[in-house]
Amino acid sequence: AQRVTQPEKLLSVFKGAPVELKCNYSYSGSPELFWYVQYSRQRLQLLLRHISRESIKGFTADLNKGETSFHLKKPFAQEEDSAMYYCALIKGVGKLVFGKGTKLTVNP
Amino acid sequence: DAGITQSPRHKVTETGTPVTLRCHQTENHRYMYWYRQDPGHGLRLIHYSYGVKDTDKGEVSDGYSVSRSKTEDFLLTLESATSSQTSVYFCAISESGSANSPLHFGNGTRLTVT
């Protein structure tokens with residue numbers, strides 16, 4: 001079954017420290033993976049997707065098929081990065097399966 | 001931001017009453033979705049639509065029904081609300097449903113069933 005696992009419910013780092021939000025997946029075939037972010041009291045928004053290999057707000061994510069992972073990384077965390085982060089993969093046409101989310105807190 | 005409007009934004013209702021949530025889009029996108037967001041569960045797909053009158057179930061569809069009579073509107077109905085349906089409901093849209101057309105979300109509807 002297609003599944004996304006985010007092992008950390010909460011993650012707390014200090015400003016300027018590196019941050020890595022973990023995401024593992026199970027999927028038969030070539031997965032299409034995304035990271036979505038939800039800032040406090042705002043709608044979910046796309047942060048990045050692996051097919052575009054882009055860097056958004058300093059975040060990057062590399063698909064590792066051997067480890068079935070798509071971890072989100074940023075070398076220097078900022079306070080405004082504090083948010084809820086969701087990893088997701090596409091199952092079939094247009095159906096996104098989400099992980100349970102990781103709440104990131106960046107302390108001053 | 002994508003033109004997605006959810007109504008109402010907040011709703012408190014009693015157990016056993018019917019409730020309808022509305023999602024309206026101005027983007028003319030083909031795909032529309034209803035998710036619920038619960039602590040510890042993330043977002044779970046309730047139902048989705050791939051065109052007018054074309055809908056299908058998601059992973060947590062029991063107790064919910066949907067209708068899409070126009071491209072721009074996708075309605076979610078709780079036939080007889082239960083306390084377990086207290087949640088935040090998000091509508092989302094996608095132009096093609098592919099990885100090149102990611103989901104855009106509405107602001108959510110917070111539903112409380114007492």
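Proteins get letters first, then strands, A, B, ... in listed order; numbering begins at 1 in each.
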Quick one: CG on B/L43 to OH on A/Y36, what's the gap to the nearest 0.5 Å? 10.5 Å
Do B/F105 and A/Q42 come within less than 4.5 Å of each other through their side chains, counting heavy atoms only? no
Determine which residues belonging to residues 9-19 of chain A lie within contact range of chain B, meaning some heavy atom pair is under 4.5 Å apart, and list them by number or answer 'none'. none
Are B/F90 and A/V37 linked, directly or through intermediate hydrophobic residues, by side-chain heavy-atom contacts shorter than 4.5 Å (ILVMFWY only)? no
Do B/I4 and B/M32 belong together in a cluster built from hydrophobic side chains that touch within less than 4.5 Å? yes
For residues B/W34 and A/V97: do they belong to one hydrophobic cluster (side chain heavy atoms under 4.5 Å, members Ile, Leu, Val, Met, Phe, Trp, Tyr)? no
For chain B, which residues of residues 99-108 of chain A have at least one non-hydrogen atom nearer than 4.5 Å to it? A/G99, A/K100
Shared hydrophobic cluster, B/L76 / B/V60 (ILVMFWY, side-chain heavy atoms < 4.5 Å): yes
Report, as yes or no, whether the 6.0 Å neighbourhood of atom CZ on B/R110 holds more than 12 heavy atoms from other residues, nucleotides or ligands. no
Examine distances only and state if a side-chain atom of B/Y35 and a backbone atom of A/L96 form a donor-acceptor pair shorter than 3.5 Å. yes
More than 12 heavy atoms of other residues, nucleotides or ligands under 6.0 Å from OH of A/Y39: is that the case? yes
If you round to the nearest 0.5 Å, how far is CZ of A/R43 from CD of B/Q6? 8.5 Å
Membership question, hydrophobic clusters at under 4.5 Å side-chain separation (ILVMFWY): are A/L72 and A/Y86 in the same one? no
Does B/E14 CD have over 12 foreign heavy atoms under 6.0 Å away? no
So which residue, B/G58, B/A92, B/G42, ends up with the most heavy-atom pairs under 4.5 Å with chain A? B/G42
Compare every heavy atom of A/F34 with every heavy atom of B/P102, then report the nearest pair and how far apart it is. CB-CE2, 4.3 Å
Is there side-chain contact between A/K95 and B/Y48, with at least one heavy-atom pair below 4.5 Å? yes
Side chain, backbone, both or neither: which part of A/Q6 has an atom under 4.5 Å from a heavy atom of chain B? neither
Once rounded to the nearest 0.5 Å, what's the spacing between atom CD1 of A/I90 and atom CG of B/L103? 7.5 Å
Between B/Q37 and A/Q38, is there a side-chain heavy-atom distance shorter than 4.5 Å? yes
